[in-house]
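A short worksheet on the structure shown next.
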Amino acid sequence: MLEGKVVNLRVVEKEDLPLWAEWNNNPEFRGEYTPLPQESKTELAKRYDNLTPDSKWFFIEKKDGTKIGGIIHFPVGKLLEIGFALIPSERGKGYCTEAVKIMVDYLFLSKEIVRIQAHTDVRNTASQKVLEKADFKREGVIRKSMFIKGEWRDLLLYSVLREEWKEPKILTKAVAES
Ligand SMILES: CC(C)(COP(=O)(O)OP(=O)(O)OC[C@H]1O[C@@H](n2cnc3c(N)ncnc32)[C@H](O)[C@@H]1OP(=O)(O)O)[C@@H](O)C(=O)NCCC(=O)NCCS
């Protein structure tokens, strides 16, 4: 488990897949700006079984262990990308900002990578604020790059480079590698 001040990140285990599937297919959880996969439990389980070390799924948990969202990392070529979402009732309380900071520490401490990136819909202000508060820089607009709810949407590409991160904000090397 990766421990922050207000949230922890806990790796999703096989027995957690029913909840993960329920959230993943729930339009309110996915929000206005992310596609709804409508993936069956069997398809999700297959994807889980085929995860590589560069792909990991974590629950975002409050300190009392309540599961309030998810954050993942996955490879894009040789780069790593992150994605995140919270249940609606727990949004706007700063939880996701800390979850992203923990993830950035974890990835730079445990992997030989120079960059972490994220995409977000140009209209997704909350997501952009989370990324900017976690020191990601806006790189530009990727026009009509994702088909969401019947239309091609423009996405923003964000990234944080290792030299900008400089040092861990929350985790230590020992924790990230344990
Ligand atoms: C994006 C998301 C994860 C943000 O999580 P969160 O825990 O609410 O984020 P935080 O509380 O850490 O910070 C959110 C910031 O955005 C602001 N915000 C929240 N909702 C907003 C909205 N609808 N419009 C504008 N700003 C908003 C908050 O006020 C806060 O800014 P502040 O610190 O300046 O006050 C959450 O809204 C969510 O799950 N959305 C649905 C899934 C999604 O879009 N995921 C991202 C895909 S790229």
Side-chain angles (χ1 to χ4, degrees), residues 1-12 16 19-39 44 47 54-77 79-107 115-160 165 168-171:
M1 189 165 71
L2 303 173
E3 290 194 42
K5 296 181 183 81
V6 292
V7 293
N8 299 327
L9 304 191
R10 180 187 296 280
V11 172
V12 173
D16 299 316
L19 176 60
W20 196 258
E22 187 189 313
W23 280 356
N24 233 10
N25 289 326
N26 179 334
E28 284 176 9
F29 180 78
R30 303 283 302 183
E32 258 183 274
Y33 308 112
T34 44
L36 196 58
Q38 297 294 10
E39 190 176 33
L44 183 87
R47 214 151 55 82
D54 279 341
S55 288
K56 224 176 214 174
W57 303 347
F58 294 88
F59 280 112
I60 302 170
E61 290 185 351
K62 290 207 277 196
K63 286 295 175 178
D64 64 4
T66 316
K67 293 177 172 55
I68 58 167
I71 183 163
I72 62 172
H73 68 79
F74 55 93
V76 179
L79 307 173
L80 289 185
E81 178 151 341
I82 63 168
F84 42 81
L86 283 193
I87 58 173
S89 59
E90 298 293 347
R91 292 178 191 163
K93 301 177 185 174
Y95 292 140
C96 199
T97 298
E98 193 185 67
V100 171
K101 286 181 180 170
I102 296 170
M103 182 67 116
V104 167
D105 279 355
Y106 164 70
L107 292 175
R115 165 195 172 92
I116 301 166
Q117 68 179 38
H119 283 90
T120 185
D121 191 295
V122 290
R123 291 170 282 184
N124 196 346
T125 313
S127 174
Q128 290 157 38
K129 282 196 172 178
V130 165
L131 291 166
E132 285 163 15
K133 284 193 287 183
D135 298 329
F136 280 69
K137 301 268 186 300
R138 185 185 290 207
E139 295 188 326
V141 180
I142 319 292
R143 296 180 300 162
K144 295 201 171 180
S145 57
M146 192 177 271
F147 195 72
I148 309 172
K149 297 187 179 152
E151 56 174 324
W152 285 98
R153 301 266 184 97
D154 292 349
L155 298 184
L156 287 168
L157 178 59
Y158 276 86
S159 72
V160 57
W165 167 75
K169 310 294 180 293
I170 295 170
L171 301 181

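Indexing begins at 1, ligand by ligand and atom by atom, following the structure's order. For reference, positions follow the sequence shown, starting with 1.
Ligand 1 lies out of reach of E98, whose nearest heavy atom is not under 4.0 Å from it. Ligand 1 lies less than 4.0 angstrom from a heavy atom belonging to F84. In this structure, G92 is part of the shell of residues with a heavy atom less than 4.0 angstrom from ligand 1. Judged by the shortest distance from any of its heavy atoms, Q128 lies outside the 4.0 Å radius around the atoms of ligand 1.
Contact annotation: for E32 versus ligand 1, there are no heavy atoms closer than 4.0 Å. The backbone and the side chain of R91 each have at least one atom closer than 4.0 Å to an atom of ligand 1 (non-hydrogen atoms only). Using a 4.0 Å cut-off between heavy atoms, T34 contacts ligand 1 through its side chain alone, with no backbone atom that close. Only the side chain of V130 comes within contact range of ligand 1, with a heavy atom under 4.0 Å; no backbone atom does.
Taking only non-hydrogen atoms, the option from R123, R30, K133 nearest to atom 33 (O) of ligand 1 is K133.
Checking atom 23 (N) of ligand 1 against the protein gives no heavy-atom contact under 4.0 Å.
S159 and E139 are linked by a side-chain donor-acceptor pair at a separation below 3.5 angstrom, with hydrogens and angles left out of the test.
Atom CD of E151 is surrounded by more than 12 heavy atoms from other residues, nucleotides or ligands within 6.0 Å.
We find the CE-CD1 distance between M1 and I102 to be 10.0 Å, quoted to the nearest 0.5 Å.
Note on R123 versus E32: no salt bridge recorded, every NZ/NE/NH1/NH2 to OD/OE distance being 4.0 Å or above.
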